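Okay, structure first, notes after.
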Amino acid sequence: MKLLPPRSPIKGSQEMLLIPCPYCGNRPEIEFAYGGEAHVVRAAAPRTVDDTAWTEFLYFRKNPRGDHAERWRHAYGCGRFFNVKRNTYTDQIEASYRIGETLP
Amino acid sequence: MDNLVQTKPMPRLFPLSGKAIDRRCTPVNGGARFSLRLPAASISTASAALGVELAVPVNRASAANGRTALRLGPDEWLLLLSEAEAVPVAAVLEARLTDGRYSLADISHRQTGVVLEGTAVTDILNGGCPLDFDLAAFPVGMATRTIFCKAEAVLWRQSEGRFHLEVWRSFAPYVWNLLAIVSREYAV
Ligand SMILES: [Zn+2]
């Protein structure tokens, strides 16, 4: 069955693109800044990392069609970075969680 | 603080003033503003020092003793004080927060504010701000940073039909003029 993207990422809502900030609750998408893929860990001692691993860290991202853990910042709000689990195809947001917490 | 006292509400900057009975627009002149950043461990000490409860939920206002703290984030407050209190408040925080793990920036001159009132105030604000102003979503006492068209803004709902809007000073002509344009649709 072909999966059609819903009009809003919040389940059951058909009104506006809302992103759930872990601190502020559901807020309009325009208040947020995208921060790229989440859980990309920078080596504690970059000089000890070889070129391949460093290139991997700097430039290579999963870019999946489907579930994706990504960082967002509530730029025009609380200002906090946090993580979101979003389906890149349906734009459905499954979860949002604070920095330091693990993917639910 | 002297510059702030001398800042006159220029008609060009406050085009909404006196335009209609139903929507009033009052510039907030004078006053001191601080941006306070605190780790969680210092919130109770700072609350006692200020005489204002800072441990309120994020996006809520807290006021006592003529001082107001808007909690804009988990570790960020916007303090609205009278000008006379700016120096004593900075001194008492420095004296009480002895570990020095806080930041207090005087942003009195960075921002300017306006109080908007009237039954159409939420409609006018929605002309540039995407927030839901239903009382269930944005109750009285809520205060948050948000966006008005392309300008960063802080909105504090003081009563159902009364909002305090703060913007950076250099954005003020842009925001006030947009508010004036939007409010033409709600002329009474
Ligand atoms: Zn937020």
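Residue numbers begin at 1 in each chain, while the letters A, B, ... track the order of the sequences. None of these values were measured; they are calculated from a predicted model.
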CZ of B:Arg110: more than 12 outside heavy atoms within 6.0 angstrom? yes

Nearest heavy-atom pair of B:Gly73 and A:Cys78: which atoms, and what distance? CA-CB, 3.8 Å

Which region of B:Leu72, side chain (C-beta onward) or backbone (N, CA, C, O), has a non-hydrogen atom less than 4.5 Å from a non-hydrogen atom of chain A, or is it both or neither? backbone

Where on B:Thr144 is there a heavy atom nearer than 4.5 Å to chain A: the side chain, the backbone, both, or neither? side chain

Check the hydrophobic clustering (I, L, V, M, F, W, Y; side-chain heavy atoms under 4.5 Å; chains of links allowed) and say if B:Leu81 and B:Leu38 are grouped together. yes

Name, in order of residue number, those residues of residues 30-43 of chain A that have a heavy atom at a distance of less than 4.5 Å from a heavy atom in chain B; otherwise write 'none'. A:Ile30, A:Glu31

Take atom CG of A:Asp51 as the centre, draw a 6.0 Å sphere, and report whether it contains more than 12 heavy atoms from other residues, nucleotides or ligands. no

Same cluster or not: B:Phe148 versus B:Leu131, using hydrophobic residues (I, L, V, M, F, W, Y) connected whenever any side-chain heavy atoms lie under 4.5 Å apart? yes

Above 12 or not: heavy atoms from other molecules or residues under 6.0 Å from CD of A:Glu101? yes

Can you tell me which portion of B:Glu152 sits under 4.5 Å from chain A's heavy atoms? Options are side chain, backbone, both or neither. both

Answer yes if B:Leu70 and B:Met142 sit in the same cluster of Ile, Leu, Val, Met, Phe, Trp and Tyr residues linked by side chain heavy atoms under 4.5 Å apart, and no otherwise. no

Do B:Leu116 and B:Val167 sit in the same hydrophobic cluster, where Ile, Leu, Val, Met, Phe, Trp and Tyr count as joined when their side-chain heavy atoms come under 4.5 Å apart? yes

For the atom pair CG (B:Asn59) and SG (A:Cys21), what is the distance rounded to the nearest 0.5 Å? 8.0 Å

Are B:Val114 and B:Phe133 grouped together when hydrophobic residues (ILVMFWY) are joined by side-chain heavy atoms under 4.5 angstrom apart? yes

Does some side-chain heavy atom of B:Val58 sit less than 4.5 Å from a side-chain heavy atom of A:Arg80? no

Just how far is it from atom CG of B:Asp75 to atom OH of A:Tyr23, taken to the nearest 0.5 Å? 8.5 Å

